[in-house]
Amino acid sequence: MNLSTEISQKHSNLSNHPMYECLTNLESIRVFMKYHVFAVWDFMSLLKALQREVTCVNIPWTESSYDPEVVRLINEIVIGEESDLDMEGSAISHFSLYLKAMEEVGADTSLITNFISTFEFEPLPREIKKMLSYHIDLAKNGKAHEVASSFFYGREKLIPEMFASIVNIIKKSKLECPNLIYYLERHIELDGEEHGPKAAKFLQGLTKTNIERDQVLSVAKMSLSIRWDLWNFIQNKIQHL
């Protein structure tokens, strides 16, 4: 599926956001991870919505109506996200891997751990609440092509370039955060070489009418705008350390 000019520009802007230039010391990395972890967590609701749509999670089991290649793609992503391998070769979810990376650098995990134990939105910053509310509602109530739009445009298509920018700054600054670098590079590899192209094909297959195309672009723009607001928020937090 071809990106609209507006979506292409939003992708480019996010790949070159000035927030990345702030990630030059461990203190700034700690702030970044404290808030970015919510984007790591809420990705799973979108993925689980697609798993529910594309694969059979009911008993008794019935064959999926989707192309087996699409079923395989979703199952592969679920396996990777929920049970990938860490740097020592042990099975771990990407969310837990991120928490491990946070602990490695001394980032505050209390905000995210308190949230996932209570699902109480009130203590969260406005930008975090907006992101979570939008994506969780989309995962629960969105049409398949709308969920796939946020999944592709807001994550799989965007992440390789965006994370590459972060890795470049971290390595240039010679910061010691191996688990974070491993997490970022793992997503650059998987999303750039495998999941992204397949997710694009999947989304294209779901988008058959002009109305659906407009809905896909509307969701894509919203997801990217929410990520831009999150990056602005994190940048502001770092600059006021």
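The shortest side-chain heavy-atom distance between F32 and M19 falls under the 4.5 Å cut-off. Residues Y153 and V219 fail the side-chain proximity criterion, which asks for heavy atoms closer than 4.5 Å. Residues E82 and M44 meet the side-chain proximity criterion, which asks for heavy atoms closer than 4.5 Å. Residues I159 and L184 have side chains not in contact (no heavy-atom distance under 4.5 Å, counting atoms from C-beta outward). With contacts defined as side-chain heavy-atom distances shorter than 4.5 Å, the pair S64/T55 does not qualify. Residues E161 and H11 form no side-chain contact, since every pair of their non-hydrogen atoms from C-beta on lies 4.5 Å or further apart. Between E146 and V216, the closest side-chain pair of non-hydrogen atoms is not below 4.5 Å. In this structure, the side chains of L230 and I234 come closer than 4.5 Å at one or more pairs of heavy atoms.
The aromatic rings of Y66 and F202 stand perpendicular to each other, their planes meeting at an angle above 60°, with 30° marking the opposite boundary.
Each of E193, E156, E76 was scored for a salt bridge (Lys or Arg N to Asp or Glu O under 4.0 Å) with K198, with one residue passing: E76. Partner of I29 under the side chain to side chain contact (heavy atoms under 4.5 Å, CB included) criterion, out of T24, I238, L175: L175 alone.
Counting only distance, with no hydrogens or angles, the side chain of E212 and the backbone of T209 share a donor-acceptor pair below 3.5 Å. For the pair T113 (side chain) and T109 (backbone), a donor-acceptor distance under 3.5 Å is present. Checking side-chain atoms of S90 against main-chain N and O of D86 turns up no donor-acceptor pair under 3.5 Å. Under a 3.5 Å cut-off, the side chain of K208 and the backbone N or O of G205 do form a donor-acceptor pair. Between the side chain of S133 and the main chain of K130, no donor-acceptor pair closer than 3.5 Å is present. Judged by distance alone, the side chain of H145 and the main-chain N or O of Q215 form no donor-acceptor pair under 3.5 Å. Not a single donor-acceptor pair under 3.5 Å links the side chain of D191 to the backbone N or O of H195. Looking only at distances, a side-chain donor or acceptor of N16 sits under 3.5 Å from a matching main-chain atom of S12. In this structure, Q9 contributes its side chain and E6 its backbone to no donor-acceptor pair below 3.5 Å.
I7 and A220 make their closest contact through CD1-CB, 3.8 Å (heavy atoms, listed as atom of the first residue, atom of the second, distance). Across L73 and A199, no two heavy atoms sit closer than the pair CD2-N, 3.8 Å. Contact record, I92 with L85: CG2-C, 4.2 Å, taken as the closest heavy-atom pair. Minimum interatomic distance between F152 and G196 (heavy atoms only, all atoms of both residues): CE1-O, 3.4 Å. Here the shortest heavy-atom pairing between L111 and P123 reads CD1-O, 4.4 Å. The minimum heavy-atom distance linking S15 with M162 is given by the pair OG-N, 4.2 Å.
The structure places OG of S45 at 5.0 Å from CD1 of I136, a figure rounded to the nearest 0.5 Å. Atom CD of residue E104 and atom CG of residue L97 lie 9.5 Å apart, to the nearest 0.5 angstrom.
No single ILVMFWY cluster, assembled from side-chain heavy atoms under 4.5 Å apart, contains both I79 and L50. Under the 4.5 Å side-chain contact rule for hydrophobic residues, W61 and V71 do not share a cluster. A chain of hydrophobic side-chain contacts below 4.5 Å, direct or via other Ile, Leu, Val, Met, Phe, Trp or Tyr residues, connects M131 to I112. Both L241 and M33 belong to a common hydrophobic cluster when Ile, Leu, Val, Met, Phe, Trp and Tyr are linked at side-chain heavy-atom distances under 4.5 angstrom. Note: the hydrophobic cluster containing I128 also contains F119 (ILVMFWY, side chain heavy atoms under 4.5 Å, direct or indirect links).
Ring to ring, H36 and W231 are close: their centroids are under 6.0 angstrom apart. W41 and F115 have their aromatic ring centers within a separation under 6.0 angstrom. Under the 6.0 Å cut-off for aromatic ring centres, Y183 and H187 qualify, their centroids lying closer than that.
R227 has no carboxylate O lying under 4.0 Å from a charged side-chain N of E127, or vice versa, which leaves the two without a salt bridge. We find that D42 and R155 are joined by a salt bridge, their nearest charged nitrogen and carboxylate oxygen being less than 4.0 Å apart. Using a 4.0 Å cut-off between a side-chain N of Lys or Arg and a carboxylate O of Asp or Glu, E120 and K129 do not qualify as a salt bridge. Between R30 and D108 there is no salt bridge, since no side-chain N of the basic residue sits under 4.0 Å from a carboxylate O of the acidic one.
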Query - R186 and E189: CA distance, side-chain angles, deciding distance, salt bridge (Lys or Arg N to Asp or Glu O under 4.0 Å) verdict - result: CA-CA 5 Å; R186 185 73 175 132; E189 174 190 3; 3.3 Å; yes
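Side-chain atoms of K201 and Q204 form no donor-acceptor pair, as typed in the model, at a separation below 3.5 Å. For the residue pair H17 / N13, no side-chain donor-acceptor distance below 3.5 Å is found, with atom types taken as modelled. Between S223 and S150, the side chains place a donor N or O and an acceptor N or O closer than 3.5 Å (distance only, hydrogens not considered). Judged by distance alone, the side chains of S165 and N168 never bring a donor and an acceptor atom under 3.5 Å apart. At a cut-off of 3.5 Å, with distance as the only test, a side-chain donor of S96 or S93 sits close to an acceptor on the other residue.
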